[in-house]
Amino acid sequence: SKAPEKKSLFTENMLKATVQSIKNIDVDEKIRFSTGMEEFDRVLGGGLVVGSLVLISGDPGIGKSTIILQACGTIAGNPNLKVLYVSAEESARQIKLRANRLGVNADNLYILAETNLDEIQETVRNLQPDVVVIDSIQAVYSGSITSSPGSVSQVRECCNMLMTMAKTSNSTVIVVGHVTKDGMIAGPKVLEHMVDTVVYFEGERYKTYRLLRATKNRFGSTNEVGVFNMEESGLVEVTNPSELFLSERCETITSGSVVIATSEGSRPLLVEIQALVGPTSYAAPRRVANGIEYNRVLQILAVLERRVGLNLSKHDVYVNVIGGLDIKEPAADLGVALAVATCARNVVVDPETVIIGEIGLSGEIRTVNQLETRVKEAAKLGFKRAVVPKGNLPLKNVPSDIEVLGVARLIDAITKAIPVQREVVEAEV
């Protein structure tokens, strides 16, 4: 006799779509709920959305399971919410050991060590959790696919089934994904298109801080970044990341060191840029850039040679963003140019000055966005001067204890950022 067919988790009535006028669609005020971690909520756009599918990825050992387990513990602390943590790579005892270290001990947090997605769906139907965590998508498999777990067809089918489960049961599903050697999410590229939110957890292997960044978010901005510090008891939120990135700045400031005010979404970040310029030992001088786009550095060096007259054709140039942060916006141009110019001429930028501005090919300083927010952050950290694009002036609601200096050209920025050696610099250039 034939074995009875296993009923699907979702009935036809649940999957049947209905046509509605957009005016008549109710958006519940409780469409989001907090993870209990302000930095995590910031990246998600205000918290987890009910019925959404979130993909979290990152390098091995970066802290993906840690941050998810901490968030699950906080969510399950709410007596009205239930969380199911499905571990496909670790046993329940291993999860318990990590939970003890993190201080997670909520009654509504349930652990399931299972790799069969059909069994996971059955558990979800019986438990009806508000949040389901799958750790990881490459380790689970569906019995309807003959290929091995982790294959392209398995990952695609499992993700499709999880997406259907999230949309029809109103359970928020969080999926952990592995990355390749190139830092891309392992599996088919369609995986990123299927989910609602893609979050990358990144950081330097030998640094304690971690960055949480959304590369796709259907419910919020993709420009926000969350900052955490990895400690023995787990991940701790960093509410003022500028202090973290400037905490190791040398008290005796040397040439080639500049502080810039960059922006990650709505959050201003003050970071230090260092440059090293020295005579080359090679036929072609070396150009090395860490934390900033290589071609952008080449463009800035070309402007310094052509518009300022700084000859770097026989010098190696190294540019580094302290702390391992990747800066992608052009507002860091002026800081890079000043770091290189001061190191080449062995002069020092005023340590109480922050530099902000984009450089054009003709040597002009172009305007940047959110300048008032950046200047306020600099004033809060004790900086006394800010060299900014003249086109952004005048600024409103800026503290009176910080002097704002507007510059229109690169040569003006060089002379105003180094007031002590102004005559020397003007003579040099």
Novice: Would you please test V104 and T74 for side-chain contact (heavy atoms from CB on, under 4.5 Å) and show each step?
Specialist: CA-CA 8 Å; V104 175; T74 305; over 6 Å; no
Novice: Could you tell me whether E305 atom CD has more than 12 heavy atoms of other residues or ligands within 6.0 Å of it?
Specialist: yes
Novice: Distance-only, no hydrogens or angles: does the N108 side chain make a donor-acceptor pair with backbone N or O of L81 under 3.5 Å?
Specialist: yes
Novice: Return the set of residues passing side-chain contact (heavy atoms from CB on, under 4.5 Å) with I68 (not counting sequence neighbours), or none when no residue passes.
Specialist: I56, C72, Y85, V133, I174, V176
Novice: Roughly how far apart are I273 CD1 and L325 CG, rounded to 0.5 Å?
Specialist: 9.5 Å
Novice: If we only count heavy atoms from C-beta on, is the V407 to K390 side-chain gap below 4.5 Å?
Specialist: no
Novice: Would S257 and E272 count as having a side-chain donor-acceptor pair, cut-off 3.5 Å?
Specialist: yes
Novice: Side-chain donor-acceptor pair under 3.5 Å between S263 and E329, yes or no?
Specialist: no
Novice: We want to know whether S266 and E224 form a side-chain donor-acceptor pair, criterion being a heavy-atom distance below 3.5 angstrom.
Specialist: yes
Novice: Below 4.0 angstrom, N of the basic side chain to O of the carboxylate: do R267 and E39 qualify?
Specialist: yes
Novice: Does either side chain, that of D41 or that of T35, offer a donor lying less than 3.5 Å from an acceptor on the other one?
Specialist: yes
Novice: Should I260 and I327 count as side-chain neighbours, where that means a heavy-atom distance under 4.5 Å?
Specialist: yes
Novice: Taking everything shown except R296 itself, do over 12 heavy atoms lie less than 6.0 Å from its CZ?
Specialist: yes
Novice: Thinking salt bridges, do R374 and E377 make one under a 4.0 Å N-O criterion?
Specialist: no
Novice: Regarding N229 and T208, is there a side-chain donor-to-acceptor distance under 3.5 Å anywhere?
Specialist: yes
Novice: Considering residues at least two apart in sequence or located in another chain, which fulfil the side chain to side chain donor-acceptor pair (under 3.5 Å) criterion with S87?
Specialist: none
Novice: Side-chain contact, heavy-atom cut-off 4.5 Å: V155 with H178?
Specialist: no
Novice: Kindly indicate whether the side chain of E264, heavy atoms from C-beta on, has any atom under 4.5 Å from the side chain of V227.
Specialist: no
Novice: Looking at every non-hydrogen atom in both residues, tell me the closest pair between T367 and E358 and how far apart they are.
Specialist: O-OE1, 4.1 Å
